[in-house]
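To keep things clear, I will list the structure first and then write my remarks on it.
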Amino acid sequence: MKQTIRLLLQLFLTIALPGLAAGAAETTFSADLPALFTGQFNKKLEEAGLDYRGFVDLRGGRRLRQPLAEESTSMAESRLQLELNGDFAGLLGKIKGDLFADAVDDHSGAELREAFFLASPLEFADLKVGRQIMTWGTGDLLFINDLFPKDWKAFFIGRDDEYLKAPADAARLSLFFAQANLDFVYMPRFNPSSYIDGHRLSYWFPGTQTIVGRNHILRDDERSRWFDDDEIALRLYRNWGGTEVALYFYDGYWKTPEGMLEDGRVYYPGLQTFGASLRTSLEGGLAHLEVGHYDSKEDRHGDNPLVRNSEWRLLIGYEHEVAPDLTAGLQYYLEYMEDYDNYRHSLPPQTEKRDQYRHLLTLRLTQLLLSQNLKLSLFAYYSPSDQDAHLRPQISYKLTDNWLLVGGANLFSGESEATFFGQFEENSNAYAGLRYNF
Amino acid sequence: MRKLAINRILITSLLLFSLASAAGAEAKTPEVETIVKRANLAAYYAGKDGRATVKMTITDAQKRVREREFTILRRDQEDGGRQQFYVYFKQPSDVKGMVFMVHKFIDKDDDRWLYLPALDLVKRIAASDKRTSFVGSDYFYEDVSGRGLDEDEHQLIETTETCYVVENRPKDPKSVEFQSYTVWIDKKTFLPLKAEYLDPEGQLYRRVEALKIEEIEGYPTVVESRVDNLTGGGFTISRFSHIDFDINLKEDLFTERYLRRPPREAKR
């Protein structure tokens, strides 16, 4: 662990220090860059149709409670992100990757986040092939029809928001017509979400009906066969004079392992979804509505206790700027379990049961201050049916155009250890970070 | 034959008459509504579309400097009416590649979107108070896309050698932070040269001015402007370069497709 900390400090200082020195001498952003990246070098890149950006990020976090089964440090890592964009006569390309050193896992390495080409083979078509981040749907930190991979670990320990969206290897064909637009995404190999497996964050294990962590790391049965374990996602959408309407379809697998095998491992059962959304301005604010049906293909009657049942999901939200630079957003979200009686009867006695209806409310408050350089934000999830909550307060301050200071917390609380946020109570943490953008 | 000749005389005299009356009108001071309408067209509707690269230097009261650089593409759907804007950010690096898109309306709230490339997120932004800071600068959204002419009562308070001086009072004083503002409009080009804002106590607290004007492709154009926050002590200077008008921007450039796929015109 010590060695990794030394490594990540070195990485951070090597890259950020020249910038700091330049930044102290000059205040303009061009002079704030490390010497290597300025002047002639930039010009040459530009002439070649290339440009770059990146950052170095140093972050640490601590648990607010001392859990039995985890380390007390929730995060201690350094990251260098580099992004290169190219435009070759209309053919766009992008490569973006991270080098990281993680002292909690005692591990350093590289992660390729994006690597794709985007071409327009026809005037009305775009084709994007390669590793890419994809997002659609109307929810704010709630996803119904967006079944692209997420990284829930990153989200719950306080990495930057961008890490909530995990990359997928995909071919995305977008067709644009006067009446409507169509997105067709094919992912030849399943891209799961990163879920809470006990490794860094502890969770409720139904098998033992207790909270477990490093003492019980979940093992999953990977779905990694090319073209067999594939996924398809479709979106048909249009903008009707400011009202955005979309229809969605997905055929693949539950993104988190919602099924359990007899040997105690978990797996990703088949899933097919369809849904719709609407987003429009309303009374000086923004309203959105989204609905989706989750067809759990391996438990169509809901009588298999080892596989999650089919569900309906509904989301209604409204956002409004309540004062200058103060925005408030409210959402109501519902998960309705189908075949609830079959589910209840299939469970062994004395086990914690989910409710048929899971109601969830979210609140987002964002206040910008000091010429928008200071941002105070709070995102809160609260479930009146599960009696649990997750609060995400955050402060970030732009010291200069390059330097950013951030601090925040992930707080979990629940009446029961078996509910979604309640199970993470022992994982409540606070974090701080320093970032240099170049 | 004869009839034709008479007709020709009639037409010629009619033409001469109308030219004379036009010249007469030019000499006279136009109605204030005409002045503000022409100023609005000169400042925000030059050509049928256009592009510019904007460098903003924001200096706060403590003399700390921050910079913004973006390309702005504009397309008019009708002169003096609906418009589309596409703003592609280049600097600072944490916002590089982000796109801010506006569909501006006259009779209802604008539709606004922000595209965040790191998340591939097309975020719709709640139609907000247009008198809040644009990207943390001393400019307001309204300074960038224009203020609706119907929102104020206009009064011509002075005609100087070079300028029409127009005082503007909001019809709904609660919707804005100022009591009134006065604009100096160039008589020849109808470009607003300076605007001064008074707060509800009648104190001057904000000034927007054109520092440099050039004729570009036949359109008198502000190429450098400045906003002073006279109570806070900060100011912002904008420099416009790579300006082009009438470049035939397509309507579909201002749709979700091009948020995800910035066009050449924006990246240059």
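Predicted model only: the values in this text are computed from it and were never measured. Sequence lines set the chain letters: A, B, ... in the order given, protein chains first and strands last, and positions in each chain run from 1.
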Lys/Arg cation over aromatic B:Phe235: B:Arg226, 6.0 Å, 45° cone: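 Yes - B:Arg226 lies over the ring of B:Phe235, closer than 6.0 Å to its centre and within 45° of its axis.
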is_close_aromatic(B:Phe70, B:Tyr86), centroid dist under 6.0 Å: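 Centroid separation for B:Phe70 and B:Tyr86: 6.0 Å or greater.
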As an exercise: rank [options] by heavy-atom pairs under 4.5 Å with chain B and give me the winner.
| options | value |
| --- | --- |
| A:Leu368, A:Leu164, A:Asp51 | A:Asp51 |
| A:Asp325, A:Asp126, A:Leu404, A:Asn85 | A:Asp126 |
| A:Leu92, A:Asp87, A:Asp140, A:Leu370 | A:Asp87 |
| A:Glu114, A:His320, A:Glu123 | A:Glu123 |
| A:Ala323, A:Gly242, A:Ser174, A:Ala287 | A:Gly242 |

Who among [options] has the most heavy-atom pairs with chain A under 4.5 Å?
| options | answer |
| --- | --- |
| B:Asp138, B:Asp111, B:Val95, B:Thr255 | B:Asp111 |
| B:Ile58, B:Ile125, B:Asp252 | B:Ile125 |
| B:Lys123, B:Arg260, B:His103, B:Arg131 | B:Arg260 |

Between [Y] and [X], is there a salt bridge with N-O shorter than 4.0 Å?
| X | Y | value |
| --- | --- | --- |
| A:Arg172 | A:Asp183 | yes |
| A:Glu111 | A:Arg79 | yes |
| A:Asp161 | A:Lys165 | no |
| B:Arg124 | A:Glu244 | yes |
| B:Glu67 | B:Lys55 | no |
| B:Asp246 | B:Lys48 | no |

Chain B contact via [X] - side chain, backbone, both or neither, heavy atoms under 4.5 Å:
| X | value |
| --- | --- |
| A:Asn373 | side chain |
| A:Phe124 | backbone |
| A:Asn239 | side chain |
| A:Ile133 | both |
| A:Tyr237 | side chain |
| A:Leu399 | backbone |
| A:Ser281 | both |
| A:Thr280 | backbone |
| A:Lys96 | side chain |
| A:Ala166 | neither |

With only heavy atoms counted, which part of [X] is less than 4.5 Å from chain A, the side chain, the backbone, both or neither?
| X | result |
| --- | --- |
| B:Lys108 | side chain |
| B:Asp94 | both |
| B:Thr132 | side chain |
| B:Glu256 | side chain |

Does [Y] offer a backbone N or O that forms a donor-acceptor pair with the side chain of [X] under 3.5 Å?
| X | Y | value |
| --- | --- | --- |
| B:Glu151 | B:Arg147 | no |
| B:Asp110 | B:Phe105 | yes |
| B:Asp49 | B:Ile247 | yes |
| B:Thr59 | B:Lys63 | no |

Flag side-chain contact, heavy atom, 4.5 Å: B:Gln84 against B:Glu251: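 With C-beta onward as the side chain, the pair touches.
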